[in-house]
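First comes the structure, then the notes that go with it.
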Amino acid sequence: MQSYPQTIDGQDCTIHFVVSSVDRWRFLEWVRQHAHRPVAVDTETTGLNYWTDDFRMRLVQFGTARTVWVLPVDRAEPWTQDHRQAVRDAFGILRHLVIHHARADVLFLARDMGMDPRRLWEVTTDTRILAHLIDPRGRDEGGIGHSLKALAASYVDPNAPDLAAELHAAFRAAGYTMSTGWARIDLRHPTYVRYSGGDVLLTARLYDRLAELVRARGQQRLADFEHTVARICAEMENRGFLVDVDYTCGLVDRLRAEEEAQTARARLFGVDSVHAPAQVAAALERMGETLTERTRTGAAKVDQAVLLALADRDHRWQRRGARDPNPLAEAVLRAKRAAKWRTSYADAILELHDAEDRVHPGIASLQARTARMAVSRPPVQQLPAGDHVIRRCFLAEPGHVIGSADYQAVELRVLAALSGDRRMIEAIHAGRDLHGYTASLIWGPEWTPYHRKLAKSVGFGKVYGGGAATLARQTGAPLADVERAVRAYDRVYPGVRRFSRRVVERARLGRPEVETVTGRILPVDRHRLYAATNYAVQSVARDVLAQALIDLDRKGLGEYLRLPIHDEIVFSVPRDEAHEIGREIADTMAVPDFFGVPLAAEVEIGGRSWGSLYEASDNAAAPAA
DNA sequence: ACCTTCACG
DNA sequence: ACGTACGTGAAGGTC
C-alpha cells in the first residue's frame, strides 16, 4: 500500500492509496470501525458532464480528520473491479457520510457506480449547505464563498498546502491540459492521490467546525430541510428536461442568419463588432445622435434601453412613433438579440443534451444570499419570456404536456404577511387585484391603467428598497407622479413602512443582518442596509417554494417536476390527466394561511412544448428572425 | 480579471 | 438627513 503523509493545521495525517486485496481488507476493516461515525467522502471524475458516455468516476476517497483511504475505481481500468465493489460495500456499511457539495458526488456515484441516490442522501451531511447557513455570501460579496478551498482556509487551516496548483503542474508535466488532465492523469500519480485525499481531510475538519456552528445557531432543522430540498432538486436535475433537437438545430440556423444579416447592416455604419459598446457609441455619434447616459465608469451607455429609444421602440419592441428610427440602433439591437439567444440558449442546448435528447440543467438549490436557487448549463430560469421560440426547444415526455404553476404576487403577499399590514391583508383576503386596489386608494375611483402600473412599480420598489428617483427612471413616469405615489403608498399601507423601518433599523443598530421567519440569518451590507427588507421577503418566498417541492415530493408528484423558477414550477404530465394533476400541484403549492395571508397558486396547462405557454398574446415581442 | 450587456423572477 | 431598486447565469470585448 502506498501511504502519504500530510500536515493539516499542524497535525500529522495519512493518505492511504488502496492497491492490493490486503489494502482493501484493511480499508473495509476501518470502514466497519467507523460505521457510525461521520466519514467524509469525495470523488474525482473525468469531468462534470455525468450524463455523457465517456464520463467516468476515477477515484473515491473516504476519511476522517486524520486518515484518508483513496480507492481507484476507473472502469476503463479492469484492475479496479474489486476496488469498485469495495466502495459499494463501504457505502453499505457507513451510516453517516459528509460530502462537500453532495449534489455532484451523489449524481456521479449513481451514474457510474449504480448507487441508490436516495439512500446516499438519507445518510449525507453536505458541508456546503452548512456553510451557506452560516454565511450565505459569495466571495465577491464580502463573504468566504462556498468552495471547499476557501471554506477550509477560513475555518480549518489558512496554510494548508495548495495541492490544486501542484496538480495542475502535474497535468502539464504529463502533457495534458487543464481540461484533459482530469480524464487522463494516472490514477496512481502521487500528486493526484494526495490532492484527492487532502480534500477529504479538509471536508472532515470543516464538518466538525460547521456542525458546531449550526447547532449553536439552532439551525439544525433548517439544515435538514435544505438537505431534503437538495435531494429533490438533484433528482429533478438527473431526470432532465427533454429537448427537441431537430427544432433547436433549425433555430440555430435561423438565429445565425439573423445575426449575420444585422451585423452586415451595422457594418455599413462603420461598426465592426456590435458587441463593442465604444464602437457603437462612436458610430451613433457620427450619425448625429446625442448619447446622454453614462456607465459606471463614465463611458457612453448604449444598452438595450438606449438603443430602443433611438430605434423608436418601447421596451416590448413596439413602434412608438416619436421619432425617425435610427437604422444602426435597430441593427445592433437585432444582431445582439439573435447572438444572445443563439449562444446562451440554442447552442447551449445542443452542446449539453445527452443521448436521450435530455438536458440536465445544474440546479443549485441553495445559492443566492437569500437562498434563492440558481440554474445553469443551460440557464433555463432565464429563457426569453416575451417570445416562445426558445422555450419551444423544451418538450414534455411523449404523451405528456407541459404545465406551469406559479404563486400570485408571492413577494407582495409575503410582505403583507410579515408586515401584518391590515389593509393589505384584507385586500388579499377579499381577492382584490392588489395593484388596482392600491391605485384606487391613492387616486380614488377614477384611477387609470397608468395609475395601476405606477402602483405596481411602487410595490416592487418597496420590496426592493428603491426610491422615487430610481422608480421614475425605471418606469419612465414623471418624477413628481412617482414621488406622490410613494408618499401615498406609505400612507395607505402604514404597516409595510413600519416593517421595513424595523428590519433596517435592527440591522443598523445591532448586528448587520436580518433574521427571517424561516430561521435564516442573512448578512446585510452596512452601506446597503435598505436591502434588508428585500432579503427578508425574497428569502421567505424562496423557502415557500422549497417547502412546496418537499410537499410535492411527499405526495408522489416528484416525477412530473422539471424546473423550479423562483415562484413557479414547470412540469410534464400525462395529457389525459393534465388538468387534474396540474390542479393537485397548484393546490399543494398553495399555503392557505401564511401568517394570516393566503398564498395562492395558479396552474396553466399547455401543449407538447414549453413554448406553447408563451405563444402569441398581447405580450409578443417582435420575431427574432 | 474586469466591464458591459442581456436573459429571467 | 437623505437615498440607494433585489437576486441570479452567461457571453463577448478589452486590457
Side-chain angles (χ1 to χ4, degrees), chain A residues 136-138 140-141 259 272-281 293-308 315 332-333 335-348 351 361-364 367-387 390-391 404 406-407 409-412 415 457-475 482-483 486 504 514 522 524-539 541-542 545 563-570 614 621 624:
Chain A
R137 291 174 298 178
D140 52 358
E141 316 177 88
E259 185 183 342
D272 261 354
S273 170
V274 295
H275 298 293
Q279 275 185 41
V280 174
E293 295 214 58
R294 292 286 173 266
T295 67
R296 200 175 51 76
T297 56
K301 196 173 198 176
V302 280
D303 65 3
Q304 195 180 61
V306 170
L307 295 176
L308 281 170
H315 68 284
V332 171
L333 280 166
K336 286 180 78 171
R337 183 172 62 178
K340 172 79 178 171
W341 289 12
R342 181 173 63 81
T343 57
S344 287
Y345 309 122
D347 282 350
E351 176 76 22
I363 304 177
Q367 179 66 25
R369 180 183 306 211
T370 56
R372 263 195 172 190
M373 300 179 186
V375 178
S376 60
R377 308 178 67 231
V380 276
Q381 281 186 327
Q382 292 129 274
L383 306 183
D387 190 305
I390 300 291
R391 291 184 198 240
S404 157
D406 69 327
Y407 289 105
V410 68
E411 290 198 353
L412 208 52
L415 177 65
S457 303
V458 174
F460 273 106
K462 285 285 144 193
V463 179
Y464 291 152
T470 316
L471 273 162
R473 194 159 13 94
Q474 290 292 320
T475 58
V482 178
E483 280 174 334
V486 169
V504 173
V514 50
L522 310 178
V524 181
D525 304 334
R526 279 249 175 250
H527 61 287
R528 289 170 69 245
L529 290 171
Y530 62 89
T533 310
N534 178 250
Y535 293 169
V537 172
Q538 189 184 98
S539 183
R542 177 278 183 191
L545 187 94
L563 272 182
I565 315 185
H566 306 309
D567 65 348
E568 174 190 4
I569 293 171
V570 179
Y614 292 81

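Computed from a predicted structure; not experimentally measured. Chain letters run A, B, ... following the sequence lines, proteins first, then strands; residues in each count from 1.
Among the protein residues, Thr533(A) comes within range of no part of the nucleic acid, since none of its heavy atoms lies under 4.0 Å from any strand. Ala348(A) comes within 4.0 angstrom of nothing in the nucleic acid, heavy atoms only. Within 4.0 Å (heavy atoms only), Leu383(A) reaches sugar-phosphate atoms of the nucleic acid but no base atom. When heavy atoms are screened at a 4.0 angstrom cut-off, Val537(A) is found touching no nucleic acid atom at all. Among the atoms of the strands shown, only primed sugar atoms or phosphate atoms (P, OP1, OP2) are found under 4.0 Å from some heavy atom of Val302(A). Contacts of Gly461(A) with the nucleic acid, taken as non-hydrogen atoms under 4.0 Å apart, include base atoms.
Look at Asp525(A) and Arg369(A) and you find a salt bridge, because one of the NZ, NE, NH1 or NH2 atoms lies within 4.0 Å of a carboxylate O, short of that distance.
Within the 4.0 Å cut-off from OP1 or OP2 of dT4(B), at least one side-chain nitrogen or oxygen of Thr295(A) is found. The shortest distance between the side-chain N/O atoms of Gln279(A) and the OP1/OP2 oxygens of dG13(C) is not below 4.0 Å. Within the structure, every side-chain polar atom (N or O) of Tyr535(A) is placed at least 4.0 Å from both OP1 and OP2 of dC6(C). Within the 4.0 Å cut-off from OP1 or OP2 of dG9(C), not a single side-chain nitrogen or oxygen of Ser376(A) is found. Within the structure, a side-chain polar atom (N or O) of Thr297(A) is placed less than 4.0 Å from OP1 or OP2 of dT4(B). Remark: Arg294(A) is not in phosphate contact with dC3(B), judged by side-chain N or O atoms under 4.0 Å from OP1 or OP2. Proximity of Tyr345(A) to the phosphate of dG9(C): no side-chain N or O atom is located under 4.0 Å from OP1 or OP2. A sub-4.0 Å separation between OP1 or OP2 of dC6(C) and a side-chain N or O of Arg528(A) is present. Between Ser344(A) and dA11(C) there is no side-chain polar atom (N or O) within less than 4.0 angstrom of OP1 or OP2.
Out of dT5(B), dA5(C), dA7(B), the shortest distance to the side chain of Leu471(A) is found at dA5(C).
Rounded to whole angstrom, the span from the CZ atom of Arg372(A) across to the C1' atom of dG7(C) amounts to 5 Å. Put simply, CG on Asp303(A) is 5 Å from P on dT5(B), counting in whole angstrom units. Atoms CG (Leu415(A)) and P (dC6(C)) sit 16 Å apart, rounded to a whole Å. At whole-Å resolution of the value, NE2 in His275(A) and P in dC15(C) are 17 Å apart. Atom-to-atom, CG of Asn534(A) to P of dG3(C) comes out at 19 Å; the value is rounded to the nearest Å. Atom-to-atom, NZ of Lys340(A) to P of dG13(C) comes out at 14 Å; the value is rounded to the nearest Å. Atom pair Glu483(A):CD and dG3(C):C1' shows a separation of 12 Å (rounding to whole Å applied). Atom CZ in Phe460(A) sits about 11 Å away from atom C1' in dC6(C), given to the nearest Å.
At a cut-off of 3.5 angstrom, counting only N and O atoms as typed in the model, there is a donor on one side and an acceptor on the other between the side-chain of Gln538(A) and the base of dC6(C). Under 3.5 Å, the side chain of Arg377(A) and the base of dG9(C) form no donor-acceptor pair of N or O atoms.
Taking CG of Leu415(A) as the start and CD of Gln538(A) as the end, the distance is 13.0 Å to the nearest 0.5 Å. Going from atom CD1 of Ile569(A) over to atom CG of Leu545(A) covers 4.5 Å, rounded to the nearest 0.5 Å.
Across all strands shown, dC6(C) is found opposite dG9(B) as a Watson-Crick or G-U wobble partner, with both distances under 3.5 Å.
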